[in-house]
Amino acid sequence: MTAIQKPAPQAPPLDTTAFDELRRSFRGELLLPVTPGYDTARRIWNGAIDRRPACIARCTGVADVVAAVRFARERDLEIAVRGGGHNVAGTAVCDDGVVIDLSSMRAVSVDPAGRRARVQGGALWGDVDHETQAHGLATTGGIVGHTGVAGLTLGGGIGFLMRKHGLSVDNLLAAEVVTAEGGIVRASADEHPDLFWALRGGGGNFGVVTSFQYRLHPVGPTVVAGPVFWAADDTTDVLRFYREFAAEAPDELGSIVRLGTVPPLPVISEELHWRPAIAVICCHAGTVEQGESAVRALRRFGKPLVDLLAPSPYAAFQCGLDDTVLHGWHYYWKSTNLAGLSDDATAVVADHAYTAGSPRSYAVMFHLGGAVARVPRAATAYAAREVPHNIIIDAVWRPEESGEHAAAETAWARRFLQALQPHRAGGVYVNFLDSDDDASRVREAYGDQIYRRLAEIKAEYDPDNVFHHNKNIRPG
Ligand code: FAD
């Protein structure tokens with residue numbers, strides 16, 4: 001990853017008339033380097049990614065996706081697939097090739113009686129929560145509302161509801177997929193079951209998913225949720241308390257630990273903004289009474305700086321972190337699964353979490369287990385069923401702070417990960433890998449057995465590795 005901005009090329013890389021043919025069978029917008037809006041359209045969440053595709057094919061539906069895949073294949077053009085555009089490694093956009101951009105395909109339709117939702121491949125989790133909560137329903141999504149449904153689900157999908165309702169992939173009932181050949185198939189337990197297995201964790205390797213069908217569960221609409229912050233000096237004590245608190249938590253209680261600074265959110269008093277702090281952020285998927293009882297000990301622990309853990313609308317809570325990770329800032333991530341929160345591991349976390357140069361950098365630990373761990377490992381391509389916690393170390397800086405500042409933040413994330421080596425569980429969540437995490441880390445994410453099976457299915461559905469602009473599974 002680099003923060004250096006590339007100069008605009010003197011001429012577009014491809015003869016733009018080459019795309020006239022695609023235009024004939026394409027209803028959406030085709031953005032070429034000469035088209036107004038191209039520079040905005042090629043930008044994704046991570047502002048450090050600066051790639052210049054030959055064409056951004058903004059699809060309006062399945063037929064557009066088919067047309068774009070066939071067109072790119074016939075001309076041997078690189079393909080990148082964009083869902084929410086959130087992947088830190090920037091795999092949603094490529095240089096010179098065609099970006100199959102689903103950002104206009106965000107429809108969500110809910111069948112409340114059947115407790116199902118059909119979600120288009122470019123939707124964001126905020127879209128899903130908004131529509132499903134109108135019926136008092138939800139499924140497991142991510143912890144930030146502007147994250148894409150597609151990329152998150154295809155990697156597994158961890159979030160506050162997972163301990164009660166499983167991962168996003170555990171709630172996936174079916175997917176509609178445009179294959180590398182430009183065909184349209186439906187994958188479910190009964191149709192293309194091998195493909196369905198691979199889609200549940202294997203990432204964007206097997207085709208372009210134009211829609212997902214999810215199982216929904218009654219959630220809220222009011223849930224006990226929110227953060228409690230303590231001063232950074234209390235980190236060791238808070239983590240030791242949290243270790244027991246999390247281990248004894250009911251499945252309904254999802255929680256993460258966020259270490260960094262107090263974000264400058266309007267709901268928090270200004271004098272606390274940017275103060276180094278540890279937060280435990282919870283969401284209880286049961287009744288308000290059960291939720292209040294489940295978090296009582298946490299709220300009473302030590303001397304919180306601020307306690308915002310209270311009955312809240314679930315959909316609003318799910319967007320509560322959106323402004324702490326803005327589009328266009330520069331990001332660099334390192335991540336690993338953790339064997340547990342031993343005293344030694346928590347000491348490493350406490351020693352490193354607050355040594356970043358930027359007040360925007362932070363680390364997050366997810367508490368897994370519960371329903372995630374009860375699904376047999378071989379049931380889906382998501383491998384880390386038995387891991388209790390993982391950590392993501394998120395170096396953040398603003399575009400104007402590139403250069404030395406960027407190098408220092410990047411070094412902080414690497415140093416932090418290195419110090420955690422003795423405490424790793426083995427494996428890493430594939431959706432948390434960055435662009436400098438190589439093929440061996442992708443293998444590590446799956447383990448040999450699951451990787452081998454994914455490679456076999458890849459050989460069946462995409463033998464030429466057309467979809468390789470991703471955390472790639474090579475055809476086996
Ligand atoms: P994009 O960048 O659009 O796509 C990433 C890759 O996914 C593409 O290269 C492609 O290979 C594939 N892809 C995307 N759309 C499609 C499609 N329609 N069909 C086929 N392949 C496709 N993950 C969690 O599990 N839980 C979290 O709580 C969580 N929180 C996050 C918070 C932030 C702020 C960020 C930036 C990320 C978070 N993630 C989380 C990680 C997230 O799962 C990945 O970044 C994921 O790739 C985002 O999906 P996207 O559709 O936005 O990605």
Side-chain angles (χ1 to χ4, degrees), residues 43-47 49 51 59 62 65 69 78-94 99-103 105-106 119-127 140-162 167-169 175-180 187 195 198-199 201-212 254 256 258 281 283 318-319 321-327 329 331-333 335 362 364 366 368 372 382 384 390 392 394 396 429-435 442 461-462 466-473:
R43 290 295 178 179
I44 53 174
W45 172 77
N46 185 353
I49 304 296
R51 302 207 178 105
C59 304
V62 185
V65 175
V69 169
E78 181 86 354
I79 291 178
V81 181
R82 176 183 178 139
H86 242 236
N87 194 278
V88 70
T91 51
V93 57
C94 57
V99 172
I100 298 180
D101 178 349
L102 276 69
S103 60
M105 294 172 56
R106 288 172 56 178
V119 179
Q120 278 191 308
L124 310 181
W125 281 106
D127 302 328
T140 305
I143 62 170
V144 169
H146 49 71
T147 308
V149 164
L152 182 140
T153 299
L154 294 169
I158 63 176
F160 285 109
L161 300 184
M162 67 184 156
L167 301 168
S168 304
V169 288
E176 181 182 61
V177 184
V178 173
T179 65
L195 176 61
L199 291 174
N205 278 284
F206 304 92
V208 185
V209 180
T210 47
S211 70
F212 297 85
I256 62 170
R258 186 184 188 280
I281 309 177
C283 176
Q318 279 286 93
C319 298
L321 289 172
D322 287 13
D323 290 345
T324 66
V325 280
L326 292 182
H327 284 82
W329 286 352
Y331 298 89
Y332 175 82
W333 286 7
S335 180
Y362 62 91
V364 165
F366 285 78
L368 296 114
V372 177
Y382 177 86
N390 65 24
I392 178 164
D394 191 349
V396 190
Y429 179 34
V430 73
N431 274 350
F432 289 167
L433 292 177
D434 209 330
S435 48
V442 179
Y461 286 92
D462 183 15
V466 169
F467 299 112
H468 63 255
H469 212 267
N470 47 34
K471 290 300 164 199
N472 197 227
I473 310 284

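We count ligands from 1, going down the list as the structure has it; atoms in each ligand are counted the same way.
Taking every heavy atom of F366 and a limit of under 4.0 angstrom, the matching atoms of ligand 1 come to 28 (O). Against a heavy-atom cut-off of under 4.0 Å, G142 is close to the following atoms of ligand 1: 26 (N), 27 (C), 28 (O). Using a 4.0 Å cut-off to heavy atoms of F432, the atoms of ligand 1 that qualify are 23 (N), 39 (N), 40 (C), 41 (C). Taking every heavy atom of V325 and a limit of under 4.0 angstrom, the matching atoms of ligand 1 come to 34 (C). Shown in contact with N470 at under 4.0 Å from a heavy atom are these atoms of ligand 1, numbered in order with element: 11 (O). Each of the atoms 24 (C), 25 (O), 26 (N), 27 (C), 28 (O) of ligand 1 lies under 4.0 Å from some heavy atom of I158. Within ligand 1, the atoms closer than 4.0 Å to a non-hydrogen atom of T91 are 5 (C), 6 (C), 8 (C), 9 (O), numbered from 1 in the order shown. Atoms of ligand 1 found under 4.0 Å from any heavy atom of A92 (numbered from 1 in listed order, with element): 1 (P), 2 (O), 3 (O), 9 (O).
Using a 4.0 angstrom heavy-atom cutoff, G207 counts as in contact with ligand 1. Under a 4.0 Å heavy-atom criterion, G203 is not in contact with ligand 1. Heavy-atom separations between Y429 and ligand 1 include at least one value shorter than 4.0 Å. Using a 4.0 Å cutoff on heavy atoms, G155 does not count as a contact of ligand 1. No heavy atom of W125 sits closer than 4.0 Å to any atom of ligand 1.
A donor-acceptor contact shorter than 3.5 Å links the side chain of W45 to the backbone of V325. A donor-acceptor pair under 3.5 Å links the side-chain atoms of H86 to the main chain of H146, judged by distance alone. At distances below 3.5 Å, at least one donor-acceptor pair connects side-chain atoms of Y429 with backbone N or O atoms of G157. At distances below 3.5 Å, not a single donor-acceptor pair connects side-chain atoms of T140 with backbone N or O atoms of L167. Using a distance-only test at 3.5 Å, with no hydrogens or angles considered, no donor-acceptor pair links the side chain of Q120 to the main chain of S103.
Considering backbone and side-chain N/O atoms, G159 never comes within less than 3.5 Å of an N/O atom of ligand 1. Polar contact check, N431 against ligand 1: a nitrogen or oxygen pair lies under 3.5 Å apart. By the 3.5 Å distance cut-off applied to N or O atoms, L154 is not counted among the residues near ligand 1. Of the polar atoms of R82, none of the N or O atoms is found under 3.5 Å from an N or O of ligand 1, judged by distance alone. Every N/O-N/O distance between V208 and ligand 1 stays at or above 3.5 Å. Taking only nitrogen or oxygen atoms, main chain and side chain alike, F212 does not reach within less than 3.5 Å of ligand 1.
When each of N205, L199, V169, V149 is tested with L154 by the rule side-chain contact (heavy atoms from CB on, under 4.5 Å), just one qualifies, namely L199. Under the side-chain contact (heavy atoms from CB on, under 4.5 Å) rule, V209 has a single partner from V81, V119, V65, V177, which is V177.
In this structure, a donor-acceptor pair under 3.5 Å is present between the side chains of D394 and Y362. Neither side chain, N431 nor N87, offers a donor N or O lying under 3.5 Å from an acceptor on the other.
Nearest non-hydrogen protein atom to atom 5 (C) of ligand 1 is N87 CB, 3.5 Å. Among protein heavy atoms, the minimum distance from atom 33 (C) of ligand 1 is reached at H86 ND1, 3.7 Å. For atom 4 (O) of ligand 1, the nearest protein heavy atom (residue, atom name, distance) is V81 O, 4.0 Å. Among protein heavy atoms, the minimum distance from atom 18 (N) of ligand 1 is reached at V209 O, 2.9 Å. Of all protein heavy atoms, the one lying nearest to atom 30 (N) of ligand 1 is I143 CG1, 4.0 Å. Atom 38 (C) of ligand 1 has as its closest protein heavy atom W333 CH2, 3.9 Å.
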Self-check item: Worked check of side-chain contact (heavy atoms from CB on, under 4.5 Å) between T153 and W125
Solution: CA-CA 10 Å; T153 299; W125 281 106; 3.6 Å; yes

Quiz item: Yes or no on side-chain contact (heavy atoms from CB on, under 4.5 Å) for N46 and W333, after CA distance, side-chain angles and deciding distance?
Solution: CA-CA 11 Å; N46 185 353; W333 286 7; over 6 Å; no

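Listed by chain and number, the residues in a side-chain hydrogen bond (donor to acceptor under 3.5 Å, both in side chains) with D322 amount to none (sequence neighbours excluded). Under the side-chain hydrogen bond (donor to acceptor under 3.5 Å, both in side chains) criterion, T91 pairs with no residue at all, not counting sequence neighbours.
Using a 4.5 Å heavy-atom cutoff, the side chains of L321 and I281 are in contact.
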